[in-house]
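For the numbers below, each heavy atom of this structure counts, side chains included, while hydrogens, waters and symmetry mates do not. Naming: A, B, ... by sequence-line order, numbering from 1 per chain.
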Amino acid sequence: MPELPEVETSRRGIAPFLVGHSISEVIVRDHRLRWPVNPDLPAILAQQPVHQIRRRAKYLLFDCNTGTLLLHLGMSGRLRVLDSHQPLYADKHDHLDIVFDNGYRLRYTDPRRFGAVIWTYEPAEQHPLLSHLGPEPLEADFDADYLLEKATKRQVAIKTFIMNAEIVVGVGNIYASEALFMAGIHPKMITATLKRIQALKLVDAIQAVLGKAIAAGGTTLRDFRDSEGNPGYFAQELKVYNRAGQGCRQCGHPIELFRQANRASYFCPVCQRL
DNA sequence: CTGTTCTCCTGTGGGC
DNA sequence: TGCCCACAGGAGAACA
């Protein structure tokens, strides 16, 4: 479910309630996430202040005194902040609560349990899950020169390439399709044939689509909700994703759908060229 | 090494 | 209404 804009929307929603406050209690109702939740987590986190909540790729990083809590939402994860006046009934998939000493409670919900909650004592960026990640798409080191340099060494379809977190992080199936449409590039194009002008357009497109999606509070196709339970509004701005058979917003030709690397891939055969 | 496919899990929507 | 199948926003692991 969540790609970079949805994770960033969640971060912005929860941080004001939690940053600077200490954890008083951690309740793990189901430890069976992508990796089992460390049984010592409640003891480790108790009484620790959360100094900041950062995002790296699609991970949220809660910086504490002795280490960092890494949280990934997987496909169906959600975060909410409950206040002390709300009823504490826990639903079927409410797997974890982190209670803070100001009365707020961070609740992690994840029906498919593809998400992860991991404690690390080492600096977060040195953790094996983070240490091989590529640049953040919205930061300066992600540019056309970088993308071209990586692209010329590969023989992969461009959509697979930009969804590879070792190349650039945060671009999932929705925004990969959207960015390629904006850049006028066919999703099957082989990376090694990428021209400089296309690399420039693609970097611009990735940054533009992610930026607009963050501003809209993310994309809600079905599940995604921000920390207050509201949907994201970028779904209505999608140009190709989930629009198979509907007219291209630029040329009117029906949007096509095919399976690429086991994922749905949407494109306009007129506006996007190999 | 590169590139592709499989896998984890539950919920939902479409076809019959 | 019910049953069955295909598929869903991620990404590590296993495979060729």
Interface residues of residues 110-121 of chain A with DNA chain C (non-hydrogen, below 4.0 angstrom) | A:R112, A:F114
Are any of the side-chain nitrogens in A:K150 or A:E166 under 4.0 Å away from the carboxylate oxygens of its partner?
-> no
Which atoms form the tightest heavy-atom contact between A:I206 and A:P137, and what is the distance?
-> CG2-CB, 4.0 Å
Which ILVMFWY residues are connected to A:F258, directly or by a chain of links, through side-chain heavy atoms under 4.5 Å apart?
-> A:F267
What does A:Y59 touch in the nucleic acid at a heavy-atom separation under 4.0 angstrom: a base, only the sugar-phosphate, or nothing?
-> sugar-phosphate
Anything below 3.5 Å on both distances counts as a pair; with that, list the stems of at least three consecutive Watson-Crick or G-U pairs involving DNA chain C.
-> B:2-8 with C:10-16, B:10-16 with C:2-8
By nearest-heavy-atom nucleotide on DNA chain B, the more 5' of A:H93 and A:A261 is A:A261
With distance as the sole criterion, is a donor-acceptor pair present between the side chains of A:H31 and A:N38 under 3.5 Å?
-> no
Sole candidate of A:R78, A:R225, A:R80, A:K92 that passes side-chain hydrogen bond (donor to acceptor under 3.5 Å, both in side chains) when paired with A:T109 = A:R80
A:L73 atom CG is separated from B:dT10 atom P, nearest whole Å, by 18 Å
Report the relative orientation of the aromatic rings in A:Y175 and A:F234; use parallel for angles under 30°, tilted for 30 to 60°, perpendicular for over 60°.
-> tilted
With sequence neighbours left out, the residues meeting side-chain hydrogen bond (donor to acceptor under 3.5 Å, both in side chains) with A:H21 are A:N102
How is A:Y241 classified with respect to the nucleic acid when contacts are heavy atoms under 4.0 Å: base, sugar-phosphate, or nothing?
-> sugar-phosphate
Assign A:R154 to base, sugar-phosphate, or nothing according to its heavy-atom contacts below 4.0 angstrom with the strands shown.
-> sugar-phosphate
Enumerate the residues from residues 155-169 of chain A whose closest heavy atom to DNA chain C is under 4.0 Å, giving them by residue number; use none for an empty result.
-> none
Are any of A:R225's side-chain N or O atoms less than 4.0 Å away from OP1 or OP2 of C:dG9?
-> no
Between B:dC6 and C:dA6, how far is it from one P atom to the other, in whole Å?
-> 14 Å
Respond yes when some side-chain nitrogen or oxygen of A:H72 is under 4.0 Å from OP1 or OP2 of C:dG10, and no when none is.
-> no
Side-chain N or O of A:R263 closer than 4.0 Å to phosphate OP1/OP2 of C:dG10 = yes
Hey, is the side chain of A:N173 poking within less than 4.0 Å of OP1 or OP2 on C:dG9, counting only N and O atoms?
-> yes
Nearest listed nucleotide, side chain of A:R222, among C:dG9, B:dC6, C:dG10 | C:dG9
side-chain hydrogen bond (donor to acceptor under 3.5 Å, both in side chains) against A:D63, all qualifying residues, sequence neighbours excluded = A:Q52, A:R54, A:T68
